[in-house]
Structures are given as C-alpha cells and as structure tokens.
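Single-structure report; data block below.
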Amino acid sequence: MDLMDEQRLIAGCKRGEQWARREVYEKYASAMLSLCVRYVADYEAARDVLQDGFVKLFTRAEQYDGTGNFGGWIRQIFVNTALEYLRRQNRLETDAISEDLKERNDNRNFSPGKLTADDLMECVAELPEKLRTVFNLYAIEGFSHSEIAAMTGIQESTSRSQFLRARQLLQQKVSLLMKNDHAGKK
Amino acid sequence: MQEKNKHTNEPDAFSQWARQQLENHELPVDESLWQGIEQKLAPAPKRRIPVWYWLAGGVAAVVALMLLIRPYYTTQTTKDIAQTTLSREPVTKSAAVSSENPARLSGVPAEDDILHPAAQADASGSAGLLNSQKVQLTRQSTPVKTSQTVSNQKNTLIASASTFSTKSASTSTSINTIIDNKRTETTEKEIAAVAGETPKKSEVKPAVTDKQQISSLPDLSDYPEAPSDEPIANKKKQHLLLAANVGAGNGLSSIGGGLFFESGAMSDAALVNSTSVRAEYAADIKEADYFNEVQHLPPVSFGLMAELPLSKSWSVESGLVYTYLESRFTRTANPTGTGHLKLHYLGLPLYLKAKLWHDPTWSIYLNAGPMIEKGLQSVYSQDIDYTWSITHTDVHSRIEGLQWSLNGGLGVNYKIQKALSVFFEPKLTYYLDNNQPMSARTEQPLVFGVNGGVQIEL
C-alpha cells in the first residue's frame, strides 16, 4: 500500500466510512490477532480483544494526527487494549520476583534450528502472564523497562527481572521443544 | 509506536530471534470477527435525553400540579364578596321581579346568585345555618370591584364570586349574594340598588334605601340543604404552600471533616453502570479500586415542594427535588490517573409534616417520609497517563434502577410577610442500597444535611 492509499484509508476511517474500515481490518486483522494471542494466550479471549481494539481504532481514528506511522499507531492501540484486558482480569498484579536473576548473555550462539514462529507462539503462550507481558513489551515491541514500568504499574527493576526470568523460561521451553523435535526425527 | 531497537542495551540473540519470528506473525481471521466489530460499532439504540430536559419537565409537572390543586383551595378559601353589606328588610318572594323583567337576570349563572346558607352563617360569625339567621347588613352605594377580597374585612361572607350585568349595561358589578340559586328573592330592587338605579313603581316592595335596617331575613326554611352540612366554623382556612429549597449534606461520620470527605474502604459500587455503556467505552473504564484516593463532594439539591394541610398541625409535602452528586478519583501510582464522576438525580419525596409549636411569626415542625429518585444521567471522565500516551475517556450513560431513601428533619419557619416565609431544616437521610453508581451516598448511606428556602402561601 502506497502512501496515497494509506492517506485515503485514514481519511475514510476518520469520516467513518465503512469501506475504509473494512480495508483497514483486512490489512491488519491477521497480524493484530497474533499480537492479541501473544498477550492474552487464550484464543477466544484474544478474538474479543481484537474486536475491542478495532472498535477503539475506528471510533478514535480522528485522534491520529499523522505524525507517526499509521501501522505503528494501530499496533499501539492493540497493545494497549490487550493490557487493559489483562488489568481487568487482574492478571497484572505486581509481585516482586524473589529470585535474584543476573543477566547472562550466554545465548550468543543460540541456534533455533527449524523451530517455526507457531512453535514459538506456543512457547510464549505457556509463560506466566506477567512474565509473558514483560517479554512481549520488551523483546517484541521494543519498549524500555522504564516505559514498561509506566505502562503496567510495576517497578522498573521488577520489569527487568521479570524479563530475564521470562527469557530464561522461554529458552528452556524452546530447547526442550528442539530436543523433542530432534528425538522425533531420530 | 516505539522506535525499533529502542533498548539502551542491545537485546540478546535469543530475543532478537524471537522478535524476528513474532513481530509480523499472523493468524487467520474469519468473517464472524468483522461482523462482531460491526455490531459493536452500531449506534446505541436509545436516544439520551439531556438532564435539562428532565429538569424542565419536572418543573412543568410541579407547576401543572399546582394549577390543578389550586382551584379546590380557591373554592374553599376565597372570600371575594362585595364591599357592600346590604341592608335588607324581609322581602316576599317576588315573582313579579322575574316576571316583570325576566331578561334582567337571564344569563346570570344560577350558582352565582347563591348565597350559601353556610356561607352566610360564617359571615355572621355564627356556626348556625342561614335559615336561623337574621343578619343586619348595610349597603354601600359605591359600586364594587369583582376582584376585591374580604381577607381584610370584618363580617365578610364566604361565597363564590358572582357577576351581574345590570340594567346599566356599563355597570358591571360583582356582588356576592347569600341566596340560594333556586330562590328568586334576589329582587330587582337589590340589584338595581347596587347598580344605583331607582326602583320602578310597579315593583312589589319599595326599594331598599341606604342605611335602612332590616328586621328579619326571609324565611329560608324551605331552602334546599347546602351541599355540605359540615359547620363552616369547623372549616379552617387552609392554604396550599409552595416552597423552593436548596440543600446540601454529608455522610454522618464525616461531619466536621471539611467540605468533602475521603472514602476509606470503598463499597463495591461501580463508577459507571456497564450495561448502559457501549462496549468500546466499557473496556476503558477503571474500577473504583484502581484509584487510591477518592473524594466525594457533598450532594447538592434544590427542589420545588407543595404542602397540603390536612389539619391545623398536620400536612403532607411533595414535589420534585433535583440532586447533583460529584466524586473525584486519583491514582498516584504508575500509571497515574484521575477520574471524575457526576451524577444527576430527580426525586419525588412524600413527607408527613407535624407542626410542634408556632406563634404568628415562628413555627417549629418535624417532617419525615420516603423519597424515590431516578438517576437522570451519569457523566464520567477519566485520564490515565501511561507516559507514552494519555488515555482520555468520557462516558455519558444512563443510571439504571431507582434510589430509595428515608428522610427525617426538624425545621424552623419564620414568616417574613403574610404569605412569605423562610425556613431552615436540618435533616437526616438514610439511602438504601439500590445498586446505584458510586457516590457519597453509596459510601456513607446515613447523611446529615441542611435544607433552606422560601415558602409562599398561595
């Protein structure tokens, strides 16, 4: 989609045009459903979050001032909607992780083999709620720990330690999956 | 959205790989998802009626109520009579008058000719009925005005106001007679005398002259019974009272704690009734316990009340009362945020009022009774600061259900003028738990308040 088409879509959404909404939905729905599943883990709940996110997007389209990337603005709305859902479910209650985890960049030679994105999605879905949220925000969306602290209401140090814990667990799950896959092939 | 790779430290290889895998990952969607979105985007079926429409309607209803009730009281209490009290001597039933000039009285409503026996009795200061009276009346030669009342006159007569058209067509004189409509004793002489005319020779009786004394009234024993045989002396002058009042209150346990009180342990009352809010907004509305500071401002109300006297000491009050409630919420932890909830209610009270003591100027009374209130509108605004963005939410919604309360007060009334008084009324109100949005009432259902206002006697 070129810039002209995107501008046309944005203008149409701001006017509440149905055709523009439909095009935006078709363009972004699949990627946003994946994002929602990544945050809330439950597929049916993710569908609800996806719908809420689009409704929010269409009803607040006039708030997009055009200064940033439209796709990024949409992504931000869905991340926010997913976090709201988790808050309503009280799944983001903060409790400090007692383990004193030290960051160890001991995965420089990490080789995922033939592990697919769907496999990784399953591993991420198995992470505890709070760890998964911090991992998604930090590793996938690219927020800093101070930003994550502001968004979720946890301490920055907690965000840091939760990310380390999440990554450690995820690596274990990925390694296990790879081993099983390797054993299955043998 | 955040700039990519915004981390202060470069992510590790595993995280980079995970990001590459998941950032643009997609899952298939079906048509039902889009249909669900379309449904949620459909406009709300019910049109909101602005608060001021409700208020205007309420005021109109009170005014209409007053107009409906007032005629009854007018009948009971009006003492519009002629300025003249007529001196009459007994007259025989003068068929000649009506036969001589029947047109004279034609067009005059029969009821208007009536001088009710009971009314006459009242005028004479006796509890007896007319047919046992001999009333000495004097006549004033000056034509009288129809609208003059006798509230300041002594020896006045209670009767409906009546209007005659006399021979002198230009003289439209209002008199109040004390003659039953079935009687024809209202002689032409009397009418003519009031109109300043000279009686005709053909008339049966000589004209009544000014200051002429009447030794007796005609025998009225054959008059039909009065519509009500209740002795008039027992009928007290009862006036409908209309009051405009303003009131404010506060939770009983917070009295002395300043203008507003801060809620400690919060009830489970919701900020906004989620069933009356469109789905896309409901998702944004925080629960009350999301905020760590809550302030409830004292409810403020004003109303129009009508008081209907039942007896010397008892009366009932009702009317319409509008109440405004406001609460403020603050979250100091990250992400910081504020909320602002405004509720509008319209209430219908029904109080029983007992006068404890009174003198011509002061009176002290007790009143008590229930009030039912309907929430007109809830207006909730919320700002949550996520640092990277501030989410602002405005929700205008209906308030489901009804709020019941029990009220009791001790009031003081001070009469400034004959028909105008002011009152001050400390009161206690208990609000029942009726699943209403969070407010000062839901947090502290027992409220101490003060009412004040003006009262007009109609």
Side-chain angles (χ1 to χ4, degrees), chain A residues 18 21-22 25 29-31 33-35 37-38 47 50-52 54-56 58-59 68-69 71-73 75-76 79-81 84-85 87-88 103 105 107-110 112 115-118 120-121 124 135-136 138-144 146-147 149-154 167 170-171 174, chain B residues 1-43 278-287 289-290 331 333-337 384-389 391-393:
Chain A
Q18 196 70 356
R21 288 174 169 177
R22 178 75 196 202
Y25 171 78
S30 297
L33 180 60
S34 174
L35 181 148
V37 169
R38 197 152 41 78
R47 287 167 58 94
L50 181 83
Q51 288 184 331
D52 286 346
F54 271 111
V55 170
K56 200 178 286 187
F58 294 143
T59 54
N69 176 272
W73 183 73
R75 197 178 182 91
Q76 180 180 309
V79 169
N80 198 20
T81 307
E84 288 289 337
Y85 172 81
R87 279 195 199 96
R88 285 205 306 277
E103 186 167 10
N105 283 323
N107 54 27
R108 285 176 188 166
N109 298 320
F110 170 75
L115 208 65
T116 64
D118 289 337
L120 184 56
M121 283 287 285
V124 170
F135 181 83
N136 277 325
Y138 182 81
I140 315 298
E141 318 300 345
F143 290 108
S144 69
S146 62
E147 288 168 331
M151 291 164 72
T152 60
I154 63 175
R167 191 183 67 189
L170 196 57
Q171 280 179 313
V174 168
Chain B
M1 198 62 195
Q2 300 298 299
E3 294 295 323
K4 302 298 179 192
N5 302 318
K6 201 181 173 183
H7 308 103
T8 47
N9 298 320
E10 190 66 20
D12 57 282
F14 178 79
S15 298
Q16 283 185 343
W17 169 77
R19 183 178 193 164
Q20 286 167 4
Q21 293 292 313
L22 302 180
E23 192 175 25
N24 296 313
H25 183 257
E26 294 185 352
L27 288 172
V29 292
D30 55 49
E31 187 61 22
S32 66
L33 270 171
W34 173 248
Q35 288 169 356
I37 293 166
E38 281 187 315
Q39 281 181 359
K40 289 184 176 183
L41 284 168
R278 285 172 59 177
E280 70 270 23
Y281 297 116
D284 289 336
I285 301 165
K286 305 295 182 189
E287 299 294 334
D289 58 6
Y290 180 77
R331 177 184 166 95
N334 269 330
T336 58
I384 305 296
D385 185 354
Y386 291 107
T387 306
W388 48 284
S389 73
T391 306
H392 179 77
T393 307

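Numbers restart at 1 for each chain; the letters A, B, ... are given by sequence-line order, proteins then strands.
- The shortest non-hydrogen separation linking A:R167 to B:S15 is CD-OG, 3.7 Å.
- In this structure, chain B has a heavy atom under 4.5 Å from the side chain of A:R38, while its backbone stays farther away.
- Among all heavy-atom pairs drawn from A:A117 and B:L22, the shortest one is O-CD2, 3.8 Å.
- For A:L35, no part sits under 4.5 Å from any heavy atom of chain B, backbone or side chain.
- B:Q35 does not touch chain A: none of its heavy atoms, backbone or side chain, sits under 4.5 Å away.
- For the residue pair A:R75 and B:E23, the shortest heavy atom distance occurs at NH2-O, 3.1 Å.
- Residue A:D118 touches chain B through both its backbone and its side chain, counting heavy-atom pairs closer than 4.5 Å.
- For the pair A:L170 and A:V124, the tightest heavy-atom approach, listed with the atom from each and the gap, is CD1-N, 3.7 Å.
- Of the atoms belonging to B:Q20, not a single heavy atom falls under 4.5 Å from chain A.
- Note on ring orientation: taking the six-membered ring where Trp is involved, the planes of A:Y25 and B:W34 are tilted (angle from 30° to 60°).
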